[in-house]
**Q** 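Starting off with a structure, shown below.
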Amino acid sequence: MTTPDVAAPGVQVYSCIPPEKRPDGVYAFGYMDGTSMAAPHTAGVAALLMAAHPEATVYQVMAALRDTARHPKGTARRPDNRWGYGLIQPVAALAALE
């Protein structure tokens, strides 16, 4: 199992439900779980950081996400197999690149 770098909201996220997941075959909205729900949060924060700081390298953005993450079990700086370094903190990550 690969250890994640960071975590993001991925449980009961209100989003579009594709037609193939519905019996009536139409697009709708509802609550879904999983990495498909969490990944857009992290990608969005990374895009925000890069837009606010176009001079930042990918490595600096990754470090800002990782270094400002808040681990739900405390302030451990070692990643674990569930949370990585912790939950992303968009405002803190943005401030870290200032």
Side-chain angles (χ1 to χ4, degrees):
M1 177 185 206
T2 303
T3 301
D5 286 333
V6 292
V11 177
Q12 292 296 296
V13 176
Y14 194 66
S15 184
C16 298
I17 298 176
E20 62 270 12
K21 299 242 182 199
R22 292 183 40 91
D24 57 9
V26 299
Y27 281 99
F29 292 91
Y31 293 94
M32 295 179 65
D33 301 334
T35 54
S36 294
M37 298 290 97
H41 285 90
T42 305
V45 174
L48 169 72
L49 298 178
M50 295 186 90
H53 297 281
E55 76 287 353
T57 67
V58 171
Y59 299 106
Q60 289 171 318
V61 169
M62 288 170 50
L65 288 169
R66 186 181 54 241
D67 295 346
T68 59
R70 181 183 52 80
H71 198 284
K73 295 182 181 177
T75 58
R77 293 302 349 149
R78 288 190 191 157
D80 64 32
N81 288 334
R82 180 169 184 180
W83 297 101
Y85 285 92
L87 298 167
I88 57 173
Q89 304 296 307
V91 174
L94 190 58
L97 289 178
E98 294 293 326

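Side chains are part of it too, since the values below use all heavy atoms of this structure and drop only hydrogens, waters and symmetry mates. Keep in mind the model is a prediction, meaning the values are calculated, not measured.
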**Q** Hydrophobic cluster membership, with links at side-chain heavy-atom distances under 4.5 Å among I/L/V/M/F/W/Y: are V6 and L97 in one?
**A**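 Same cluster.
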**Q** Do V58 and V45 share a hydrophobic cluster, counting only Ile, Leu, Val, Met, Phe, Trp and Tyr and linking them when any side-chain heavy atoms are less than 4.5 Å apart?
**A**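 Hydrophobic grouping puts V58 with V45.
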**Q** Check L65 against A46 and note the closest heavy-atom contact, atom names and distance.
**A**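 Scanning both residues completely, I find the closest heavy atoms to be CD1-CB, 4.3 Å.
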**Q** Out of curiosity, Y85 OH to D67 CG, how far, rounded to the nearest 0.5 Å?
**A**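 Y85 atom OH to D67 atom CG measures 8.0 Å (nearest 0.5 Å).
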**Q** Closest heavy-atom contact between A92 and T68?
**A**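 Here A92 and T68 meet closest at O-CG2, 3.5 Å.
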**Q** Run the side-chain contact (heavy atoms from CB on, under 4.5 Å) test on H53 and V61 for me, step by step, so that the C-alpha distance in whole Å, both residues' side-chain angles and the decisive distance to 0.1 Å come before the verdict.
**A** CA-CA 9 Å; H53 297 281; V61 169; over 6 Å; no
**Q** Is there side-chain contact between L49 and L94, with heavy atoms separated by less than 4.5 Å?
**A**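 Yes - at least one pair of side-chain heavy atoms lies under 4.5 Å apart.
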**Q** Is the ring pair Y14/Y31 parallel, tilted or perpendicular, if the boundaries are 30 and 60 degrees?
**A**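 It falls in the tilted class, 30° to 60°.
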**Q** Taking T57 for its side chain and Q60 for its backbone only, find out whether a donor-acceptor pair lies under 3.5 Å.
**A**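 Pair found, side chain donor or acceptor close to backbone of Q60.
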**Q** If you compare all heavy atoms of H71 against all heavy atoms of G84, which two are closest, and at what distance to 0.1 Å?
**A**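 Looks like CD2-O, 3.6 Å.
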**Q** About how many Å separate CZ of F29 and CD1 of I17, when rounded to the nearest 0.5 Å?
**A**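 Those atoms lie 9.5 Å apart.
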**Q** Quick one: closest heavy-atom pair of A51 and P54, and the distance?
**A**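 Result for this residue pair: O-CD, 3.6 Å.
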**Q** Out of curiosity, D5 CG to I88 CD1, how far, rounded to the nearest 0.5 Å?
**A**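 The CG atom of D5 sits 12.0 Å away from the CD1 atom of I88.
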**Q** Between A96 and A64, what is the shortest heavy-atom contact and its length?
**A**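 Result for this residue pair: CB-CB, 4.3 Å.
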**Q** Which residues satisfy the side chain to side chain donor-acceptor pair (under 3.5 Å) test with Q12, sequence neighbours excluded?
**A**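 For Q12 the side chain to side chain donor-acceptor pair (under 3.5 Å) partners, ignoring immediate neighbours, are D33.
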**Q** How long is the straight-line distance from CZ of R70 back to CD of Q89, given to the nearest 0.5 Å?
**A**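 Separation between the atoms: 5.0 Å.
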**Q** Closest approach of H41 and M37, non-hydrogen atoms and distance?
**A**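 Taking H41 first and M37 second, the nearest heavy atoms are ND1-O, 3.0 Å.
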